[in-house]
Amino acid sequence: CLPKELLAMYRGCEISQIRVGLATWYSELRPDTLTAWVRTSLDTENAAAGFLTDFNYGWNVIDLSEPYAVSGEEDLYIGYSYWQDHSMNCISLIGISVPGGCWIGKNGVWTDYSSKDYGNVSVEAVVTGDALPESDLQLVSCQTNRISVKHGDAILVSGCVQNNSAQPVGGFSFRYSLNDEVQGDTLIQREMAYRDTCKFELRLPTGRMAEGERMVNARLTLLMPDGRDDSYMADNSAAFDMAMYTHSAKERNILLEQFTTERCFYCPSGGLRIQTAVESGYSDRVVWVCHHVGYGTDKFTVDESKEYLAFYGDMKFEAAPALMLNRHYNPYSSKDGYPVQSVEDPEDITATFDYELQDPAFVSLSVETSAADGQLDIHVEGNRSVLLADLSPDPRLCVFVKESQIEPISQMGTYEGFVHNNTLRKVATSAWGDAIQWEGDDFAADYRVAVDENWNLDNVQVVAFVCNYSDDIMKRVVYNVVQSP
């Protein structure tokens with residue numbers, strides 16, 4: 001949705017084209033026709049439209065049959081429509097989420113995902129005419145992808161700026177603040193014509209703040225380089241909440257959850273790539289669990305694993321082999337802002353390990369097990385730092401039982417000696433974890449699981465992790481994880 005407050009700057013101009021960004025697909029399965037349109041509401045007829053039959057992933061420019069005159073007196077919706085008969089990920093999401101920026105319609109039913117922080121639908125109106133604003137910069141994207149920073153270290157921020165001004169600008173500046181206290185300005189010099197973009201990377205110092213353990217709000221505001229007023233400031237800022245620590249950090253491990261099934265021909269080779277990555281120096285820091293979902297199901301599927309398919313995202317099709325790390329979006333590999341990513345080469349996987357290990361943990365865990373009389377007893381203990389309560393208003397404990405060295409039943413794409421490893425056998429807690437009963441900064445929890453007659457206890461391990469619970473699936477991140485010997 002383009003609000004009338006924004007469109008008022010373009011009164012007297014015309015929308016002559018629509019730019020549509022599409023995600024990767026298989027060309028033989030793509031839709032036949034892409035229709036781009038302008039509407040006064042999502043459910044009305046097209047006020048203007050254009051069509052394209054020769055298009056690909058990435059940006060596509062569609063000429064409107066008749067330009068649409070901008071009055072600046074009403075909200076407008078720009079978008080695109082297509083029909084497909086295969087499950088294929090076509091919708092691309094980018095940038096900083098804005099109200100009305102992520103409406104998705106399916107079979108005539110529209111849903112607003114703008115509050116989910118997935119980004120905005122990749123669609124742009126190309127405005128032409130003699131009444132373009134003289135000064136308008138837009139912060140197209142801005143991200144840090146970190147949840148914490150050590151006092152004295154810099155907050156790393158990257159993003160993209162676009163010039164929507166009629167005239168070229170000689171660059172732009174940023175003003176950054178921490179907890180509403182201005183820390184400084186920085187100038188980036190770059191000649192930018194109309195609709196030119198410029199990517200940026202910034203290091204925002206934190207040393208001026210007092211030491212201690214606290215949450216900080218970092219805000220970045222985009223300004224015109226010469227002190228002129230920006231015509232539209234609503235798209236000029238971004239903010240991040242981060243945990244700032246001095247002494248309270250604990251060593252963090254990675255929960256690697258793989259999605260695989262026996263119906264998946266490429267899953268055995270995908271597992272080998274993950275194994276190579278883990279064994280290249282990360283065995284002590286990566287806890288690996290396999291969910292037998294993502295490409296149908298099989299005899300090893302656990303019901304709770306089906307709930308974790310939500311991490312594929314509302315608009316993504318399921319696929320395997322796939323993995324996710326700490327149920328956290330990783331900008332190097334994850335697509336469309338969701339935690340699930342494809343299984344790449346080992347070098348790419350280790351790069352994502354390194355990325356995840358940059359953040360410390362604010363909770364530590366230990367797990368002990370004992371087995372007798374057909375029962376597996378599990379004892380978990382944990383200790384938190386003060387920042388965990390700020391990061392997670394509702395931390396949960398999850399306990400998994402997994403088994404390795406399981407003979408396959410009907411695995412596709414297998415090889416000699418193949419066995420199932422790290423296979424989830426049982427979830428001892430609820431699927432999304434049990435509320436933690438703290439005594440001060442410590443907790444202890446006990447579980448008893450009946451041993452299935454098909455398990456080999458010599459190959460069974462218990463995994464325990466603390467995660468956040470939220471109505472927003474994208475915020476159900478894992479803070480730390482351990483496994484039994």
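Computed over heavy atoms, backbone and side chain alike; hydrogens, waters and symmetry mates excluded. In this text, all values refer to a predicted model and were calculated from it rather than measured experimentally.
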- Interatomic distance, CG@Leu204 vs CZ@Arg219, rounded to 0.5 Å, equals 13.0 Å
- Item | Partners passing ring-ring contact (aromatic ring centres under 6.0 Å, His included) against Tyr77 (at least two apart in sequence or in another chain) | none
- Task: Taking Asn459 for its side chain and Glu403 for its backbone only, find out whether a donor-acceptor pair lies under 3.5 Å.
- Result: no
- Note on the structure: dist Gln258:CD -> Leu325:CG (nearest 0.5 Å) comes out at 11.5 Å
- Report yes if some heavy atom in the side chain of Leu256 is under 4.5 Å from a heavy atom in the side chain of Val289; otherwise report no. no
- Under the ring-ring contact (aromatic ring centres under 6.0 Å, His included) test, residues paired with Phe174 that sit two or more places apart: Phe172, Phe200
- Query: Does the Asp434 side chain pair with the main chain of Thr429, one donor and one acceptor, at a distance under 3.5 Å?
  - Reply: no
Which pairs of donor and acceptor atoms, one on a side chain in residues 364-373, lie under 3.5 Å apart (sequence neighbours left out)?
none

- Message: I'd like to know if the side chain of Ser141 and the backbone of Cys160 have a donor-acceptor N/O pair within less than 3.5 Å.
- Response: yes
- Task: Please assess Gln405 against Asn421 for the test side-chain contact (heavy atoms from CB on, under 4.5 Å), listing each intermediate value before the final yes or no.
- Result: CA-CA 5 Å; Gln405 299 295 314; Asn421 290 318; 3.5 Å; yes
- Task: Just jot down the side-chain contact (heavy atoms from CB on, under 4.5 Å) partners of Ala154, sequence neighbours excluded, or say none.
- Result: Arg203
- Are the side chain of Ser237 and the backbone of Leu220 linked by a donor-acceptor contact shorter than 3.5 Å? no
- Query: Measuring from Tyr245:OH to Leu387:CG, what's the distance to the nearest 0.5 Å?
  - Reply: 10.0 Å
- Message: I'd like to know if the side chain of Thr297 reaches the main chain of Val293, judged simply by a donor and an acceptor atom lying under 3.5 Å from each other, with no hydrogens or angles considered.
- Response: no
- Item | Partners passing side-chain contact (heavy atoms from CB on, under 4.5 Å) against Val182 (at least two apart in sequence or in another chain) | Arg175
- Message: Distance check, rounded to the nearest 0.5 Å: Gln183 atom CD versus Ile155 atom CD1?
- Response: 9.0 Å
- Message: Applying ring-ring contact (aromatic ring centres under 6.0 Å, His included), can you list everything that pairs with Phe353, at least two apart in sequence or on another chain?
- Response: Tyr282
- Item | Approximate separation, where rounding is to 0.5 Å, of Asn56 CG and Leu22 CG | 9.0 Å
- Message: With a 6.0 Å cut-off (strictly less than), is the heavy-atom count around NZ of Lys402, excluding the residue itself, greater than 12?
- Response: yes
- Query: Just wondering, are more than 12 heavy atoms of other shown residues or ligands nearer than 6.0 Å to CG in Asp354?
  - Reply: yes
- Message: Restricting to side-chain contact (heavy atoms from CB on, under 4.5 Å), what partner residues turn up for Ser173, sequence neighbours left out?
- Response: Leu187, Leu223
- Message: So that I can tick it off, tell me whether Arg448 and Asp446 are bridged by a salt bridge, with the cut-off set at under 4.0 angstrom between side-chain N and carboxylate O.
- Response: no
- Query: Quick check: does any side chain N or O of Ser484 sit under 3.5 Å from a backbone N or O of Val462, one acting as donor and the other as acceptor?
  - Reply: yes
- Would you mind listing every ring pair (Phe, Tyr, Trp, His ring centres under 6.0 Å) that reaches into residues 415-439, with sequence neighbours excluded? His292-His420, Phe300-His420, Tyr308-Trp432, Phe311-Trp432, Tyr415-Phe418, Phe418-His420, Trp438-Phe443
- Would you find a donor on one side and an acceptor on the other, under 3.5 Å apart, between the side chain of Asn326 and the backbone of Leu255? yes
- Task: Not counting sequence neighbours, list each pair that qualifies as a salt bridge (charged side-chain N to carboxylate O under 4.0 Å, His left out) and has a residue in residues 270-295.
- Result: Glu251-Arg285
- Expected output: side-chain Thr276 to main-chain Leu272 donor-acceptor under 3.5 Å: yes
- Counting distance only, does the side-chain N/O of Glu262 pair as donor-acceptor with the main-chain N or O of Ile409 below 3.5 Å? yes
- salt bridge (Lys or Arg N to Asp or Glu O under 4.0 Å) involving Asp390 - partner list, sequence neighbours excluded: none
- Task: Verify the distance criterion only: is there a donor paired with an acceptor across the side chains of Asp442 and Asn383 at less than 3.5 Å?
- Result: yes
- Query: What are the two closest non-hydrogen atoms of Tyr266 and Ser269, and how far apart are they?
  - Reply: O-OG, 2.9 Å
- Task: Mind checking side-chain contact (heavy atoms from CB on, under 4.5 Å) for Thr261 and listing every partner two or more places apart, or none if nothing turns up?
- Result: Arg263, Cys264, Tyr295, Asp298
- Minimum-distance pair of heavy atoms, taken over all atoms of Cys102 and Gly119: CB-O, 3.5 Å
- Message: Quiz question: by atom type and distance under 3.5 Å, do the side chains of Asn217 and Asn179 form a donor-acceptor pair?
- Response: no
- Between Asn468 (side chain) and Arg476 (backbone), is there a donor-acceptor pair under 3.5 Å? no
- Polar side chain donor-acceptor pair, Asp112 to Ser114, under 3.5 angstrom: yes
- Note on the structure: salt bridge (charged side-chain N to carboxylate O under 4.0 Å, His left out) pairs touching residues 451-461, sequence neighbours excluded, are none
